[in-house]
Amino acid sequence: MKGGFNLFNGKFYRESDHLFTGTDLQRLNEGICESFRAEYNLALFARENYDYLLDSLNDIGLAVPNEWDLPRFTKDVSRLLNKNHLYLAAKITIHLIPGVSGTEYLMTAKEIPGGFFKVTDVGLLIDFYDEGAKGTSNYNAYEPSSRILWATAKRAANTLSRNNLILLNNKGFACESIEGSFGYLRDQTAIFPARESQGYSPPILNVVKNCAEECGFTIEEKKEIKREELLNADELFLINNCYGIQPVLGLYARRYYTTETLQIAQRLSETARKENSSE
């Protein structure tokens, strides 16, 4: 039977075990929650994900858990997958939370379709989110700064029957998507939100940029991306740490081609396979 166990501070507990009291649940909102992809018992882009988690901890002022380093991180992922019999593909979610004697961590896993960020030509239908905006904080690039906004935007996306939404910062510029980021193609240039845009940056963002560059695109980062720039783009795609590059078919009333986006997505899939085989 697949599933059934979580990993808390390096020890296994059944999903039905009560690890937190009602008061303790508040700690889950004070830490970091990030997800990443694993295939064939290994975390994909483990170094990028681990370094990203360290940067996140540093930005919100949490210490690294005791005796927690990259080998421990990758071993914990492998142990969790084995315990749950998830030998193909899985979404790993990690919570890093403040504890009484230091930072604690909780890992959960669930099965997802395999394929190393499998390339799909089924484009998403998305829109802009106008009911809230991303505020300014010291950790704009990390999940805690977007958590509440994502929750409200998800409800709006469901109401609008959209797969995702483009979120705006407090100056009205596009900066991220729900649980991810985005990029767009224009005249052989791949354009992404700069860190100054206040947007969330998924751990695999730099990998995606490298893939776009390998496909012949010039890379550009912009801190101010107007709605019109996305609506006038040749192609648009979302970036998610577990599902990779997701081509966008339509934004509001605009419809896009996806040919070159699919080429970049294929390069990401190939890169992930190579990394997995080299471990």
Side-chain angles (χ1 to χ4, degrees), residues 25-37 45 48-65 73 91-99 103-108 126-158 162-184 191-209 221-227 230 237-244 246:
L25 290 176
Q26 178 62 32
R27 294 194 288 137
L28 293 173
N29 293 321
E30 295 174 351
I32 294 164
C33 177
E34 191 59 73
S35 298
F36 54 91
R37 187 181 188 93
F45 305 116
E48 286 80 359
N49 279 287
Y50 176 75
D51 287 347
Y52 183 92
L53 291 170
L54 292 187
D55 290 342
S56 300
L57 288 169
N58 181 66
D59 268 41
I60 69 171
L62 279 182
V64 178
F73 169 68
K91 175 182 179 180
I92 308 293
T93 299
I94 182 169
H95 295 265
L96 291 153
I97 55 180
T103 302
E104 300 180 321
Y105 65 98
L106 171 68
M107 276 189 182
T108 65
I126 68 174
D127 212 324
F128 293 102
Y129 180 57
D130 290 311
E131 298 174 25
K134 180 76 175 284
T136 302
S137 77
N138 292 330
Y139 41 91
N140 272 321
Y142 304 107
E143 176 271 342
S145 69
S146 300
R147 188 178 298 163
I148 296 176
L149 186 62
W150 288 349
T152 57
K154 280 183 182 179
R155 291 194 289 270
N158 290 334
R162 291 292 184 265
N163 302 113
N164 207 311
L165 299 174
I166 295 293
L167 309 183
L168 311 175
N169 63 24
N170 55 13
K171 294 182 179 180
F173 297 112
C175 64
E176 65 187 33
S177 61
I178 301 173
E179 297 183 351
S181 187
F182 64 87
Y184 62 102
I191 304 164
F192 303 87
R195 183 170 285 262
E196 295 82 1
S197 73
Q198 301 174 209
Y200 166 74
S201 299
I204 64 165
L205 181 58
N206 286 332
V207 179
V208 171
K209 291 177 182 177
E221 297 180 355
K222 295 190 67 174
K223 67 178 182 179
E224 296 181 351
I225 299 175
K226 299 178 180 179
R227 297 176 188 235
L230 297 184
F237 55 89
L238 303 187
I239 304 166
N240 180 279
N241 206 45
C242 290
Y243 300 101
Q246 300 173 293

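Starting from 1, each residue takes its place in the sequence as its number.
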**Q.** Closest non-hydrogen atom pair between Ala174 and Leu230, with its separation
**A.** CB-CD1, 3.9 Å

Q | Between Asn49 and Asn241: side-chain donor-acceptor atoms closer than 3.5 Å | A | yes

Q) For Phe192, is the NZ or CZ atom of Lys209 found under 6.0 angstrom from the centre of its six-membered ring and inside 45 degrees of the ring axis? A) yes

**Q.** Sub-4.5 Å side-chain heavy-atom contact between Glu34 and Pro203
**A.** yes

Q.
Counting C-beta onward and ignoring hydrogens, is there a side-chain heavy-atom pair between Ile92 and Ser35 closer than 4.5 Å?
A. no

Q. Does any non-hydrogen side-chain atom of Ile97 lie less than 4.5 Å from one of Glu30?
A. no

Q: Could you pull out the closest heavy-atom pair between Cys33 and His95, with the gap in Å?
A: SG-CE1, 3.5 Å

Q. Roughly how far apart are Asn206 CG and Asp51 CG, rounded to 0.5 Å?
A. 11.0 Å

Q. Which atom names give the shortest non-hydrogen contact between Gly31 and Arg147, and what distance separates them?
A. O-NH2, 2.8 Å

(Q) Rounded to the nearest 0.5 Å, what separates atom CG in Leu165 from atom NZ in Lys154? (A) 11.5 Å

(Q) Could you report the tightest heavy-atom contact between Ala156 and Glu131, atom names first, then the distance? (A) CB-OE2, 4.2 Å

Q: Please examine the side chains of Tyr52 and Phe36, heavy atoms only from C-beta on, and report whether any two atoms are closer than 4.5 Å.
A: no

Q) Which atom pair, heavy atoms only, marks the closest approach of Leu57 to Val64? A) CD1-CA, 4.0 Å

Q: Might you work through the side-chain contact (heavy atoms from CB on, under 4.5 Å) test for Leu167 and Tyr200, ending with a clear yes or no?
A: CA-CA 10 Å; Leu167 309 183; Tyr200 166 74; over 6 Å; no

Q.
Using a 6.0 Å cut-off, check whether atom CG of Asn138 has over 12 heavy atoms from anything other than its own residue.
A. no

(Q) Any salt bridge linking Lys134 with Glu176? Criterion: basic side-chain nitrogen under 4.0 Å from a carboxylate oxygen. (A) yes

Q | Ring geometry between Tyr50 and Phe73 (parallel below 30°, tilted from 30 to 60°, perpendicular above 60°) | A | tilted

Q | Residues Ser145, Ser137; criterion side chain to side chain donor-acceptor pair (under 3.5 Å); working and verdict | A | CA-CA 7 Å; Ser145 69; Ser137 77; 4.5 Å; no

Q. Do Thr136 and Asn170 meet the criterion of a side-chain donor-acceptor pair at a distance under 3.5 Å?
A. yes

Q. Does one side chain, of Tyr142 or Ser201, offer a donor that lies under 3.5 Å from an acceptor on the other?
A. no

Q: Test Arg195 against Glu221 for salt bridge (charged side-chain N to carboxylate O under 4.0 Å, His left out), laying out the working first.
A: CA-CA 8 Å; Arg195 183 170 285 262; Glu221 297 180 355; over 6 Å; no

Q. Is the shortest heavy-atom distance from the side chain of Leu168 to the side chain of Tyr129 under 4.5 Å?
A. no

Q. If you take all heavy atoms of Ile60 and Pro144, which pair is closest and at what distance?
A. CG2-CG, 4.4 Å

**Q.** Worked verdict on Asn169 versus Asn140 for side-chain contact (heavy atoms from CB on, under 4.5 Å)
**A.** CA-CA 10 Å; Asn169 63 24; Asn140 272 321; over 6 Å; no

Q. Taking the side chain as C-beta and beyond, is there a heavy-atom pair between Pro193 and Ile225 under 4.5 Å?
A. yes

Q. Can you check whether Ile178 reaches Ile166 side chain to side chain, under 4.5 Å on heavy atoms?
A. no

Q) Is any side-chain heavy atom of Ile126 less than 4.5 Å from a side-chain heavy atom of Phe182? A) no

Q) Measuring from Phe45:CZ to Arg37:CZ, what's the distance to the nearest 0.5 Å? A) 10.5 Å

